[in-house]
Amino acid sequence: MELTEKKEDRRVRRTKKLLTQALTQLLQEKQVNEITVRELTDLADMNRGTFYLYYKDIYDMLEKIEDSMFSALNQIMDLHEKEAAGLQTRPLLLDLFHFIEENKEMVRVLLSPNGDINFLHRLFEVIREKCLHVFPALPDNQSETDFDYRYSFVVFGTAGLIRAWVSRDCKEPADQMADLADALIRQGSLNDLS
């Protein structure tokens with residue numbers, strides 16, 4: 001019985017992976033509202049009934065993919081919470097860049113003009129909330145407005161770096177990108193937080 005459940009789980013994972021790969025490919029060519037279930041399942045070489053076992057529609061599928069990515073990002077951020085509170089950002093950035101490298105195709109399409117603009121907004125909000133949690137007390141000489149500007153600089157700068165790296169097909173090693181992001185963050189924003 002347990003072996004059957006594991007095989008089913010493996011088959012479900014494989015099916016979802018094929019559907020995700022097909023969606024990623026289609027999002028490189030067109031916007032999500034232009035993609036039909038039929039063309040997605042044709043590309044994945046499966047029937048529409050299989051798709052509907054897991055998703056209500058294309059938007060539901062995209063939302064579940066994004067939810068899964070956010071869950072993984074939250075785990076990465078939670079893992080490094082104490083380091084970040086001590087202003088040690090490199091370990092977090094290293095895991096973040098490795099995660100992006102592993103999911104570069106989906107990240108590329110989500111950050112592209114055909115991607116989901118809400119993904120980017122949601123990403124910024126998740127990171128902002130984590131930052132506010134990690135740095136709950138502002139230094140005496142820093143206002144909340146100051147923090148918001150610094151946060152925006154770090155997040156949008158890092159997002160720009162990620163977007164550029166992904167558009168170059170992640171040619172540079174994740175370690176190198178984490179070092180670069182860490183150096184840029186330290187030069188531009190963390191100096192006054194310590």
Side-chain angles (χ1 to χ4, degrees), residues 9 13 16-17 20-21 23-24 27 62-112 115-194:
D9 289 346
R13 283 193 308 270
K16 287 183 175 182
K17 182 178 179 180
T20 299
Q21 288 171 341
L23 181 62
T24 302
L27 283 170
L62 186 59
E63 184 179 330
K64 286 182 176 165
I65 291 169
E66 290 176 6
D67 287 347
S68 174
M69 292 184 80
F70 278 111
S71 176
L73 284 171
N74 275 318
Q75 288 176 2
I76 290 169
M77 294 174 82
D78 289 346
L79 180 68
H80 295 288
E81 188 172 313
K82 288 181 182 170
E83 295 161 343
L87 302 179
Q88 299 299 314
T89 57
R90 189 185 183 283
L92 168 64
L93 290 166
L94 186 58
D95 281 353
L96 175 66
F97 277 95
H98 279 291
F99 173 79
I100 291 164
E101 187 174 44
E102 291 167 11
N103 297 281
K104 68 181 175 184
E105 294 305 321
M106 183 53 72
V107 171
R108 179 181 294 126
V109 297
L110 288 173
L111 294 178
S112 76
D116 181 5
I117 191 69
N118 291 325
F119 174 78
L120 205 50
H121 294 302
R122 188 175 168 196
L123 178 63
F124 293 146
E125 271 311 301
V126 165
I127 295 171
R128 184 179 194 286
E129 288 305 312
K130 291 289 184 184
C131 287
L132 287 173
H133 177 71
V134 170
F135 307 114
L138 296 170
D140 292 336
N141 63 343
Q142 188 178 33
S143 69
E144 190 170 332
T145 302
D146 237 11
F147 175 83
D148 282 340
Y149 284 133
R150 288 173 188 275
Y151 155 78
S152 294
F153 178 82
V154 168
V155 172
F156 285 98
T158 303
L161 188 65
I162 289 167
R163 184 178 277 174
W165 183 54
V166 169
S167 74
R168 293 173 45 92
D169 202 34
C170 301
K171 288 184 180 170
E172 296 78 15
D175 297 30
Q176 181 181 338
M177 296 308 296
D179 288 342
L180 178 60
D182 186 52
L184 292 171
I185 289 168
R186 290 189 172 290
Q187 288 172 2
S189 67
L190 289 181
N191 290 336
D192 294 335
L193 289 177
S194 52

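When reading the values below, keep in mind they use all heavy atoms of this one structure, side chains included, and skip hydrogens, waters and symmetry mates.
Taking the side chain to side chain contact (heavy atoms under 4.5 Å, CB included) definition, one finds that Glu172 meets it with Trp165, Arg168, Gln176, Met177, sequence neighbours left out. Residues that satisfy the side chain to side chain contact (heavy atoms under 4.5 Å, CB included) test with Tyr149, not counting sequence neighbours, are Thr145. Evaluation of the side chain to side chain donor-acceptor pair (under 3.5 Å) rule for Asp95 yields His80 as partners, not counting sequence neighbours. Residues passing the side chain to side chain contact (heavy atoms under 4.5 Å, CB included) test with Lys64, sequence neighbours excluded: Tyr55, Asp60. Partners of Asp67 by side chain to side chain contact (heavy atoms under 4.5 Å, CB included), not counting sequence neighbours, listed by chain and number: Glu63, Arg122. Applying the salt bridge (Lys or Arg N to Asp or Glu O under 4.0 Å) criterion to Lys16, with sequence neighbours excluded, gives no partner residue.
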Full working for side-chain contact (heavy atoms from CB on, under 4.5 Å) between Leu111 and Val166: CA-CA 9 Å; Leu111 294 178; Val166 169; 5.5 Å; no
From CA spacing to verdict: side-chain contact (heavy atoms from CB on, under 4.5 Å), Leu96, Leu73: CA-CA 7 Å; Leu96 175 66; Leu73 284 171; 3.5 Å; yes
Candidate pair Met69 and Val107, rule side-chain contact (heavy atoms from CB on, under 4.5 Å), full reasoning: CA-CA 9 Å; Met69 292 184 80; Val107 171; 3.5 Å; yes
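Residue Leu94 holds its CG atom at 10.0 Å from CG of Asp182, rounded to the nearest 0.5 Å. Separation of atoms CD1 (Ile185) and CZ (Phe153) is listed at 9.0 Å; rounding is to 0.5 Å. Rounding to the nearest 0.5 angstrom, the gap separating the CE atom in Met77 from the CG atom in Leu92 is 6.0 Å. In this structure, OG1 in Thr24 is found 9.0 Å from CG in Leu62, a value given to the nearest 0.5 Å. Separation of atoms CZ (Phe99) and CD1 (Ile162) is listed at 10.5 Å; rounding is to 0.5 Å. Atom CG in Leu184 sits 8.0 Å away from atom OG1 in Thr158 (nearest 0.5 Å).
In summary, Glu101 and Lys104 do not engage in a salt bridge, as defined by a charged side-chain N under 4.0 Å from a carboxylate O.
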